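Presented below is the structure to which this report refers.
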Amino acid sequence: MNYSPSIIEAKWQKFWAEHKSFEPSEDFTQPKKYILSMFPFPSGRLHMGHVRNYTLSDTFARYYRQQGFNVLHPIGFDSFGMPAENAAIKNGSHPKTWTYDNIDYMKKEFASLGFSFSKERELATSDELYTKFEQGFIIDMYERGLLYRKEGMLNWCPHDLTVLANEQVVDGCCWRCDTPIVKKEMNQYYFKITHYADELLEDLKKLEGGWPKQVLTMQENWIGKSNGLAFDLLLDEASQATLGGQFDRFDVFTTRPDTIYGVSYTALAPEHPIVSYMIENALLSATVIEQIKAMKNSSSIDRQKEKSGVALGLNVIHPLTHKTVPVWVANFVLMDYGSGAVMAVPAHDDRDFDFAQKYDLPIHAVIKPLEGELDLSKAYTDAGIMVNSQAFDGLNSKAAQAKVIEHFESLKIGQKTTNYKLKDWGVSRQRYWGAPLPFVHCEECGLVMEKKANLPIALPHDIEITGEGNPLEKHPTWKHCKCPKCGKDAVRETDTMDTFVESSWYFLRFCASPENWESQAFSAEQIQYWMGVDHYIGGIEHAILHLLYARFFTKVFRDLGYIEFDEPFEKLLTQGMVLKDGAKMSKSKGNTVDPDAIIEKYGADTARLFILFAAPPTQELEWNDSAVEGAFRFLRRFSERSQNVNTTHVIPIIDHASLTKEEKHARKKVYEALKRAQEVFVERYTFNTLIAGVMEAMNALNEQSNSEIWSEGYWILTSIMEPIIPHLCWELSTTLFGRANLTQHCVLDEVFEVDTLVLGVSVNGKNRATIDVAVGASEDAMIALATAAVEKWLEDKTIVKTIIVPAKLVNIVIKG
RNA sequence: GCGGAUGUGGUGAAAUGGUAGACACGCCAGACUUAGGAUCUGGUGCCGCAAGGUGUGGAGGUUCAAGUCCUCUCAUCCGCACCA
């Protein structure tokens with residue numbers, strides 16, 4: 001058979017579409033698999049990263065269908081977001097039109113790759129129906145206090161004119177456009193993700209084994225739990241007087257209570273309320289105020305370059321020694337962690353040390369190393385023996401931490417405290433193309449949530465996108481409404497939501513059956529059956545943002561009573577990037593490969609085969625045009641050699657004993673490939689080795705000419721390969737076997753039985769020869785053969801011992 | 001600085017402590033062909049005519065046996081990073 005991918009691929013894609021071949025069953029008594037890859041943003045065209053992502057999930061989905069599972073393999077589009085608006089500014093297109101045109105095109109690309117997605121559950125997160133359910137959840141969360149509004153200093157991207165979550169600030173710049181962010185004070189909506197900080201951290205343990213370690217570590221670091229001591233520092237009387245009696249103390253947090261006697265100054269963040277008060281009331285000189293303002297306004301990158309600060313002329317009382325300690329303002333103290341104030345122990349903290357050096361502040365050593373002398377040219381941050389610490393002298397500093405905390409607690413001047421780096425998730429965006437926050441501002445009632453019956457609060461179509469400000473804010477009528485509570489004139493919230501909100505629950509929405517798609521977001525029964533996601537596949541770039549938010553939503557939905565589990569994704573597979581010429585494919589580098597062009601030239605099966613063959617999924621994949629050719633040539637051979645196969649509807653029964661050596665070898669290779677398939681799909685995911693095994697089997701089949709063995713081989717190999725190269729395999733399987741072979745197969749042990757074994761013979765662990773031994777040969781006989789084979793290396797030596805590894809090798813240990 | 005990953009032929013890679021380099025790409029030689037950027041056959045880690053030697057970033061160690069386990073170290077990549 002001539003291999004014509006364009007013909008057979010179109011044929012089977014049409015067949016699958018017409019027969020709705022990949023819709024999951026509503027029979028919830030069947031065993032299920034939920035296979036999901038992270039859905040794409042509809043940017044217009046698929047790139048090779050997408051092809052890799054969806055080829056992986058499709059391969060799992062098709063495998064499990066063959067194994068008799070009810071498989072949910074859905075797809076959607078994460079279709080809100082800034083690029084649609086950017087395109088509107090650039091081309092004058094409407095964000096909606098642009099988005100849905102792109103979706104249409106990308107759906108065609110999906111189909112041309114033969115992905116076995118459920119069509120009936122396809123969604124775009126910008127669909128009004130999706131917005132409706134999402135806004136409902138937002139209202140639930142607001143009622144629970146999990147969504148709130150507060151004034152705060154925010155990351156503002158001056159290019160995109162929107163706020164960004166901390167997670168969306170990369171190296172001080174906007175994660176999308178790389179513009180350095182600035183701080184801006186704004187009223188914003190927040191999700192109370194910190195309420196779940198501890199559970200999000202603790203439940204990472206449940207994911208061990210199913211998630212890559214790297215991702216677990218990244219999440220752990222991001223949540224950033226640390227235990228320590230929080231206590232108040234009392235301002236001395238003079239300082240209280242300076243502050244007009246407005247402040248008498250401030251709160252600090254330390255993870256090193258064992259260094260408490262080493263405190264030689266304290267430092268406040270430039271944004272600290274005491275500092276603000278002093279600026280507002282002109283309690284500082286104009287120069288100092290300028291310095292502090294400069295600290296505040298400097299970008300987070302500049303702030304990290306060099307430590308700077310200034311003394312405030314205030315003093316606090318050390319809680320244990322009662323000595324006076326000066327108060328400084330310092331740029332390295334962060335307002336949004338802990339209380340925005342620190343006790344400084346320069347002898348035992350690198351930052352405090354640098355600062356003390358610069359401003360010539362005293363350095364009191366209170367920990368000495370277990371061995372050797374204390375080096376005062378730098379901070380000693382390790383554990384050691386406490387000194388100059390009154391009653392604590394001589395204690396191991398590590399062990400004494402709890403004792404110091406107890407001491408503070410017994411004096412009622414401090415307490416054990418846990419802090420997290422994780423901050424609440426700011427979700428408002430001053431953009432048009434997003435889901436509106438379902439709130440109304442009423443002069444009488446204040447902030448009022450919409451009635452669920454009024455949802456969705458949909459976006460107006462007639463807007464003008466200029467790139468400046470929020471188009472919803474500028475729309476003539478949209479924001480004017482009646483207060484849902486009192487009915488008087490009111491104003492709609494014009495902020496829309498961060499698009500990470502949509503991707504935080506889309507995997508739940510996919511569980512909804514098409515028949516109640518319109519009426520409810522999902523049902524408990526459907527969720528219970530389909531969740532959790534058995535295999536979740538996507539890029540490592542979502543290790544923190546998306547995966548943390550999705551975990552958070554899952555816990556919230558559980559607490560709202562919608563679902564009954566804690567974690568959404570059982571197994572996470574993070575695929576490596578697709579590279580060309582050693583670099584990530586990108587338009588700016590001009591090293592992209594267009595999937596459509598590859599499909600047109602070689603077909604989807606070639607693209608899929610190459611992508612899975614060139615590297616294991618988690619590793620980077622280097623694009624190689626000639627290796628793609630190689631994949632194509634394999635498919636052609638696979639297709640053409642099918643002429644050796646007899647048509648049959650059952651697997652041939654073969655009398656193994658009567659076969660020639662080549663025939664036996666061919667069968668062995670085929671069944672080895674089958675064994676490997678079971679291992680690869682279930683445990684290892686190293687599809688490259690599976691494909692190699694199938695190639696070996698093909699090579700072995702080609703060494704013999706028994707048509708029964710060809711038939712058995714193709715019966716099994718087309719089944720193993722169907723998840724990878726579905727079009728060709730459906731074609732071959734249909735023509736040859738009436739598709740009866742696309743199912744589970746048993747490994748026949750008889751094909752692995754052999755008469756003779758090839759053993760390696762090594763001398764002192766170095767391989768020297770190979771021998772053929774009969775199965776069942778005695779150890780003595782094997783040793784005799786082995787020693788004879790390596791005689792040359794044994795001359796004038798004494799054999800100390802011999803080690804026989806069954807079916808593998810004989811190692812002769814010699815001396816002299 | 002902290003955390004993680006990776007390091008094996010000319011290239012992508014394989015090897016679940018037991019014959020390193022499977023399977024491919026590329027390259028070389030041959031066959032077929034009007035032709036070959038098609039197809040088929042054979043070869044291909046390195047040094048060497050060969051016998052043989054040598055070889056998984058480097059140095060040690062454990063073991064009868066190490067790419068694999070342990071210690072140290074170098075390089076590259078990724079993530080986090082003034083979090084008190």
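Please read all numbers here as calculations on a predicted model, not as lab measurements. Numbers restart at 1 for each chain; the letters A, B, ... are given by sequence-line order, proteins then strands.
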[X] side-chain N/O to [N] phosphate OP1/OP2 under 4.0 Å:
X: Asn688(A); N: rC23(B); value: no
X: Arg768(A); N: rG53(B); value: yes
X: Gln619(A); N: rU6(B); value: no
X: Thr689(A); N: rA15(B); value: no
X: Trp623(A); N: rU11(B); value: no
X: Arg633(A); N: rG26(B); value: yes
X: Arg636(A); N: rA38(B); value: no
X: Asn811(A); N: rU19(B); value: no
X: Arg684(A); N: rA15(B); value: yes

Between [N] and [M], how far is it from one [atom1] atom to the other, in whole Å?
N: rU63(B); M: rU16(B); atom1: P; result: 22 Å
N: rA15(B); M: rC28(B); atom1: C1'; result: 27 Å
N: rA24(B); M: rU73(B); atom1: P; result: 42 Å
N: rC80(B); M: rC70(B); atom1: P; result: 28 Å
N: rA5(B); M: rG53(B); atom1: P; result: 38 Å
N: rU71(B); M: rU62(B); atom1: P; result: 15 Å
N: rC46(B); M: rG21(B); atom1: P; result: 14 Å
N: rA65(B); M: rG45(B); atom1: C1'; result: 22 Å

Considering only heavy side-chain atoms of Val333(A), the closest of rG79(B), rA84(B), rC23(B) is rA84(B)
Testing rU19(B), rG18(B), rA13(B) for proximity to the side chain of Asn767(A), the answer is rU19(B)
What is the distance, to the nearest angstrom, from the [atom1] atom on [X] to the [atom2] atom on [N]?
X: Lys213(A); N: rG4(B); atom1: NZ; atom2: C1'; answer: 10 Å
X: Glu703(A); N: rU41(B); atom1: CD; atom2: P; answer: 8 Å
X: Gln214(A); N: rG79(B); atom1: CD; atom2: C1'; answer: 7 Å
X: Glu672(A); N: rC23(B); atom1: CD; atom2: C1'; answer: 13 Å
X: Leu690(A); N: rA15(B); atom1: CG; atom2: P; answer: 12 Å

- Query: NA contact type, Arg676(A), heavy-atom cut-off 4.0 Å: base, sugar-phosphate, or nothing?
  - Reply: nothing
Do Phe613(A) and Phe634(A) have ring centres separated by under 6.0 Å?
no
Taking the six-membered ring of Phe332(A), is NZ or CZ of Lys307(A) closer than 6.0 Å to its centre and within 45° of its axis? yes
rG26(B) -> Watson-Crick or G-U wobble partner, both distances under 3.5 Å, gives rU44(B)
For rG79(B), the nucleotide meeting Watson-Crick or G-U wobble distances (both under 3.5 Å) is rC2(B)
Given the 90°-from-0 boundary between syn and anti, rG9(B) should be labelled syn
*Examine the side chains of Asn811(A) and Ser762(A) and answer whether a donor and an acceptor come within less than 3.5 Å of each other.*
yes
Trp328(A) vs Tyr359(A) aromatic rings, parallel, tilted or perpendicular, using cut-offs 30° and 60°?
tilted
- Query: Mind checking whether His542(A) and His546(A) have parallel, tilted or perpendicular rings, split at 30° and 60°?
  - Reply: perpendicular
Check your understanding: More than 12 non-hydrogen atoms from neighbouring residues, nucleotides or ligands closer than 6.0 Å to CD on Gln415(A), yes or no?
Key -> yes
